[in-house]
Amino acid sequence: MSAVQPCYNKNEDKSMNPKEALNTIFMILNKILDYTKDLDEKTPSVFDHYHHHSHESDKNSLSTSYSDGSSSEADFCCELDKYDMEDFIYRCYKMLGFDSNLLILSMMNLDKLLANKFILTSTNIHKVFFTCMMETQKYYDDESFTNKVYAKTCGISTKELLELELEFMNYIHFNIYIKDEEFFQYKKKLQSLYESSVIISNTYIQNEEDED
């Protein structure tokens with residue numbers, strides 16, 4: 001845990017619930033992926049799924065890990081690009097005991113990565129966002145897990161996990177800290193984005209009902 005007092009507090013500011021945070025984050029990530037899917041330029045890195053496709057025993061499945069650190073096997077293998085991005089992130093959120101503030105902080109740390117010209121694609125989104133979640137939880141949450149549990153949660157080896165950590169931290173210059181005012185401003189923007197999307201959705205539903 002850093003000597004600097006982080007802004008995160010489990011018992012404070014729950015104005016944006018996890019469902020709202022997840023839906024807004026998924027909306028943003030999908031927009032990014034829609035933009036980058038037609039780009040010729042990529043960012044080759046250890047985050048790409050094709051880098052580690054061996055079938056060692058500790059990489060064959062994505063396991064369900066709970067807040068007590070226990071785990072049980074789930075029907076996931078290490079080929080993460082076969083799995084829906086939203087489903088994968090949601091499962092990791094459940095396994096790691098995340099709340100809305102940790103999700104938002106994870107998204108903010110993803111922004112740091114993207115600000116350093118990293119290109120997010122369908123072949124790296126799973127590992128990239130998982131690494132953001134893991135590093136954010138390690139820094140901000142006293143109830144973080146061992147690397148072995150994180151590796152099982154993502155369905156990779158602990159060796160690969162360390163590679164992901166190092167690459168991520170190098171990209172963001174080892175700056176995982178987020179100031180209070182930055183966090184609350186970012187959260188406010190996400191809330192506004194979520195509320196706007198709900199209004200648009202409700203308007204569409206109402207229009208459909210009127211036509212019927």
Side-chain angles (χ1 to χ4, degrees), residues 1-33 45 47 65-67 69 85-120 124-147 149-151 153-154 161-162 164-197:
M1 184 66 67
S2 171
V4 179
Q5 182 62 41
C7 63
Y8 173 67
N9 188 321
K10 281 186 175 182
N11 300 315
E12 292 181 3
D13 189 33
K14 299 188 182 289
S15 54
M16 192 174 200
N17 65 47
K19 181 180 178 181
E20 294 170 347
L22 279 167
N23 285 337
T24 309
I25 288 170
F26 292 160
M27 180 168 56
I28 295 170
L29 293 179
N30 278 310
K31 285 184 179 296
I32 294 173
L33 293 179
S45 73
F47 292 111
S65 304
Y66 300 95
S67 57
M85 176 266 292
E86 289 96 334
D87 186 54
F88 174 76
I89 293 175
Y90 179 76
R91 285 172 181 267
C92 292
Y93 146 77
K94 294 290 287 185
M95 294 170 191
L96 299 177
F98 263 49
D99 62 17
S100 58
N101 287 344
L102 278 177
L103 285 168
I104 294 167
L105 288 164
S106 298
M107 191 66 193
M108 294 180 74
N109 280 313
L110 173 65
D111 281 352
K112 293 180 184 179
L113 187 72
L114 301 181
N116 284 288
K117 302 186 184 305
F118 186 93
I119 299 174
L120 198 65
N124 62 35
I125 178 63
H126 300 74
K127 290 178 183 178
V128 168
F129 200 79
F130 174 80
T131 306
C132 291
M133 293 176 73
M134 175 179 65
E135 294 305 313
T136 300
Q137 187 172 47
K138 281 185 174 184
Y139 185 81
Y140 286 100
D141 194 348
D142 291 332
E143 297 179 11
S144 60
F145 302 96
T146 63
N147 280 349
V149 172
Y150 283 119
T153 301
C154 191
L161 185 83
L162 294 175
L164 298 181
E165 282 193 289
L166 182 59
E167 180 136 345
F168 173 75
M169 295 304 286
N170 278 328
Y171 259 103
I172 67 168
H173 309 297
F174 291 83
N175 178 26
I176 202 79
Y177 176 69
I178 294 169
K179 296 178 181 179
D180 285 21
E181 57 270 25
E182 292 174 348
F183 170 74
F184 290 113
Q185 287 174 6
Y186 194 92
K187 184 173 184 177
K188 187 175 181 180
K189 290 179 180 178
L190 288 187
Q191 287 175 314
S192 297
L193 185 59
Y194 175 78
E195 290 165 4
S196 297
S197 67

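Heavy-atom basis, side chains included; hydrogens, waters and symmetry copies ignored.
Counting heavy atoms from C-beta on, the side chains of Leu102 and Tyr93 never come closer than 4.5 Å. Between Asn124 and Phe118, the closest side-chain pair of non-hydrogen atoms falls below 4.5 Å. For the pair Phe47/Phe130, no side-chain contact is recorded, criterion being any heavy-atom separation below 4.5 Å from C-beta on. Residues Phe129 and Cys92 have side chains not in contact (no heavy-atom distance under 4.5 Å, counting atoms from C-beta outward).
Counting all heavy atoms, side chain and backbone alike, Glu143 lies closest to Gln137 at O-NE2, 4.3 Å. For Lys127 against Leu164, the heavy-atom pair with the smallest separation is CB-CD1, 4.2 Å. Here the closest heavy-atom approach between residue Leu33 and residue Leu120 is recorded as CD2-O, 3.8 Å. When all heavy atoms are compared, the tightest approach of Leu113 to Phe168 is CD1-CD1, 4.1 Å. Of all heavy-atom pairs spanning Pro18 and Leu103, the tightest one is O-CD1, 4.1 Å. The two residues Phe183 and Asn101 have their closest heavy-atom pair at CZ-OD1, 3.4 Å.
Taken from CG in Leu96 to CE in Met134, the straight-line distance is 9.5 Å, to the nearest 0.5 Å. Here the straight-line distance linking atom OG1 of Thr136 with atom CD1 of Ile104 works out to 11.5 Å at 0.5 Å rounding. Distance check, rounded to the nearest 0.5 Å: CD1 of Ile176 to CD1 of Ile178 gives 7.0 Å. The distance from the CE atom of Met133 to the SG atom of Cys154 is 10.0 Å, given to the nearest 0.5 Å. Rounded to the nearest 0.5 Å, atoms CD (Glu135) and OG (Ser144) are 10.0 Å apart. Taken to the nearest 0.5 Å, the CD1 atom of Ile172 stands 11.5 Å off from the CG atom of Leu114.
A donor-acceptor pair under 3.5 Å is formed between the side chain of Asn116 and the backbone N or O of Tyr171.
Between the side chains of Asn109 and Lys112, at least one donor N or O lies within less than 3.5 Å of an accepting N or O.
Every residue two or more places apart in sequence or in another chain that forms a side chain to side chain contact (heavy atoms under 4.5 Å, CB included) with Asn147 is listed here: Lys138, Tyr150, Leu161, Leu162, Glu165. In this structure Tyr186 satisfies the side chain to side chain donor-acceptor pair (under 3.5 Å) test together with Asp111, sequence neighbours excluded. Checked against ring pair (Phe, Tyr, Trp, His ring centres under 6.0 Å), Phe98 has no partners two or more places apart in sequence or in another chain.
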Report, one line per pair, each donor and acceptor closer than 3.5 Å where one atom sits in a side chain of residues 20-32; sequence neighbours left out.
from  : atom 1 : to    : atom 2 : distance (Å)
Glu20 : OE1    : Asn17 : N      : 3.2
Glu20 : OE2    : Asn17 : ND2    : 3.4
Asn23 : ND2    : Lys19 : O      : 3.3
Thr24 : OG1    : Glu20 : O      : 2.7
Asn30 : ND2    : Phe26 : O      : 3.0
Asn30 : ND2    : Glu86 : OE2    : 2.8

- Message: As a quick check of understanding, evaluate side-chain contact (heavy atoms from CB on, under 4.5 Å) for Asn175 and Met169, giving each step before the final call.
- Response: CA-CA 7 Å; Asn175 178 26; Met169 295 304 286; over 6 Å; no
